[in-house]
Protein chains: 2
Amino acid sequence: MSEVTTGRRKPTLDTVAAEAGVSRATVSRVINGSPRVSPEVKDAVESAIGRLGYVPNRAARSLAMRRTDSIALVMREPDATVLADPYLGNIIIATSQALVGTGVQLVLVNARNDAEHSRLADYVRSGHVDGVLLASMHDDDPLPRLLLDAGIPTVVGGRPQRHMPGLSYVDVDNVGGAQLAAEHLLARGRRRIATIAGPQDMTAGADRLTGYQRAVAAAGRKADRVAHGDFTRESGEQAMATLLSRHPDLDGVFVANDLMAMGALRALRAAGRAVPADVAVVGYDDIEMARHTEPPLTTIHQPVIDQARTMTELLLTQIGGDPVGEPVVLPTELVERGSA
Amino acid sequence: MSEVTTGRRKPTLDTVAAEAGVSRATVSRVINGSPRVSPEVKDAVESAIGRLGYVPNRAARSLAMRRTDSIALVMREPDATVLADPYLGNIIIATSQALVGTGVQLVLVNARNDAEHSRLADYVRSGHVDGVLLASMHDDDPLPRLLLDAGIPTVVGGRPQRHMPGLSYVDVDNVGGAQLAAEHLLARGRRRIATIAGPQDMTAGADRLTGYQRAVAAAGRKADRVAHGDFTRESGEQAMATLLSRHPDLDGVFVANDLMAMGALRALRAAGRAVPADVAVVGYDDIEMARHTEPPLTTIHQPVIDQARTMTELLLTQIGGDPVGEPVVLPTELVERGSA
DNA sequence: CGCTCCCATGAGAGCGCTCTCATGAGATTC
DNA sequence: GAATCTCATGAGAGCGCTCTCATGGGAGCG
């Protein structure tokens, strides 16, 4: 191709060394900011670098250093869900922002099925990344175990179903958040409340149900009005319809995520129930859309940005050689809008 | 650290070669699927690989091959916008999905300001990626030019303001889409229509205004009712209020993106105008939220997924050595919901 | 004035892989 | 049966960088 036409090849360390009249080692020292270089030599090298437009080759560097200065963000999710739910998009962007200025690059890895999963394990072990961030894991996922055993620095987003000593994770206080939600309903005078729970094979789903039950029990009531959904809007709509037919008298509902809550709002509207007058609704996640529902959704805010940032920081210190610290659980808060 | 404790180092090509009783070159051939290897040797090597759990080192490979099998997705955007607008999240995820099975990795690069921009240019030139996907560029962006000149395969999402021969891009037919929107309003019998345009320094903003004007002119009317926003919901709300005060009689409005359209809906509601009875509203983008507004938003669907996929394919063929093809412009379509 | 010590610098050995080229055994040809 | 060809295989030279170790000149010491 045109590489030939341009004539000059890309400059290497040697080129710079020759231009500056020093050895390759010295140039390397200058680039890596070693203190044992005389100021004059340093200047000479830097000007040579500028003149040649030299840029270090990362592949060569990582081969020699045995590290890559990049981390992987691995997500496992069926396609449709990913696109409908802005959670992952936020995690991705927040992570990428947390990395700005660290010189560490973010590699995105999408593993949808098991085949891709095993290839992924190879990929990670091939030393292309220094560490791994795992987002949206399912409980049956073998990946955390694999990575842990392989000694690859790993941080999981959300609490893994099975506790693994030495695995670091950053969770959001799902139990506490759900408690907040239920308490809010109760504080608003609602007495015949119910919940639409998420999938119980995801810790977020299970924990939120637990928190709800705990708060209701603490108020001396029975938490026996439970319907289940799978975190999609449609399932929320359906679950709400079910609840309404089973408990026509209910006056408040905690929905385990905002997407389902939007479905619930629709079902309530279809059933002619006014929100919050007849039925108060509290969601969970505080996605962007929650501001724009009719009425705007009262919901539990998830510190997604904080979570991504914390995960990244944890991973970087782990890569830096620090021991694996305690898991971190971030607090949640209730955002009061119109629906409860 | 504990690397020492584990004893065995990670296996390399040499390890495998020794285990299989062949030379390094032969193992390399097997790994790269060269036909000039006898079946017996191939089996022996593969079983040795399995036994040792060997995984090729990517850094070494890319050093030797002068390519990295990874591409960068560069986005430039102020933080807040990124998070509010799911567009980027979709682009990211669609790109990552388009890459599944190609063996190419996605590196995410977030360049928010000029300083990061110049570092980015270095990064790309350091040969860490084989090509670059540019998302959400502003017109004043020097990056496309830089990359083009450096001979780095690049594909831009959206049409760059200034035409650059040899720069490949994938645009969405903004002019056509806006025409569709305006024609829809006119076909619905609306005669006193207006538009809320986006930033005119972004081609999407300018093109959508052009399309609107073209359709209105084609209908023999004047397109002189224009307010401007910056693609945020708040600006849409404000622009709508302005339009209402300037043209109290208007009965239809084309809003250049859904976020602003949501703001417009709110302003209309605040002004006591019924949608679509009093004022019909057509948005642009078909973001997820558009389904959930009250009433659901009639809007122009952007083929974001297609766009990302096309960009990726274009980039990969370019990296493969094919000449830079013609820019691609993807068609849009109108999605009729409740608002118009 | 001779000795040791310090520190800037250079030489050179890898890091793990690919690829060219040489080699030699077996197949093919007349 | 000798010459030619084919093709699997091996040897070895890089790819561009870091890092250890050797070197030698000048400062510091007695």
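Values in this document were obtained by computation on a predicted structure and should not be read as measured data. So that the names make sense, note that chain A is the first sequence line, chain B the second, and so on, each numbered from 1.
- Inter-residue side-chain proximity for B/Val156 and B/Leu167 is flagged as met; some heavy-atom pair is nearer than 4.5 Å.
- In this structure, B/Leu133 and B/Val74 have side chains that are not in contact, with every pair of non-hydrogen atoms separated by 4.5 Å or more.
- Between B/Asp69 and B/Arg58, the shortest heavy-atom distance links the atoms O-NH2, 3.1 Å.
- In this model, no donor atom of one side chain and acceptor atom of the other lie less than 3.5 Å apart for A/Thr317 and A/Asp322.
- Checking side-chain atoms of B/Asn57 against main-chain N and O of B/Ala59 turns up a donor-acceptor pair under 3.5 Å.
- The stretch residues 47-68 of chain B touches DNA chain D through B/Leu63, B/Ala64, B/Arg66, each having a heavy atom within less than 4.0 Å of the strand.
- Of all heavy-atom pairs between A/Ser168 and A/Val324, the closest is CB-CG1, 3.4 Å.
- At a non-hydrogen distance threshold of 4.0 Å, A/Arg36, A/Val37, A/Ser38, A/Val41 from residues 30-46 of chain A come into contact with DNA chain C.
- A/Ile71 places a side-chain heavy atom less than 4.5 Å from the side chain of A/Leu106.
- When atom types are taken as modelled, the side chain of B/Ser70 and the backbone of B/His128 share a donor-acceptor pair closer than 3.5 angstrom.
- For DNA chain D, the contact window with chain A, defined by any atom under 4.0 Å from a protein heavy atom, covers D/dG16 to D/dT20 in 5' to 3' order.
- With a 4.5 Å cut-off on side-chain heavy atoms, A/Leu314 and A/Val328 count as touching.
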* To do: Test A/Arg51 against A/Ser47 for side-chain hydrogen bond (donor to acceptor under 3.5 Å, both in side chains), laying out the working first.
  => CA-CA 6 Å; A/Arg51 239 172 297 138; A/Ser47 99; 2.4 Å; yes
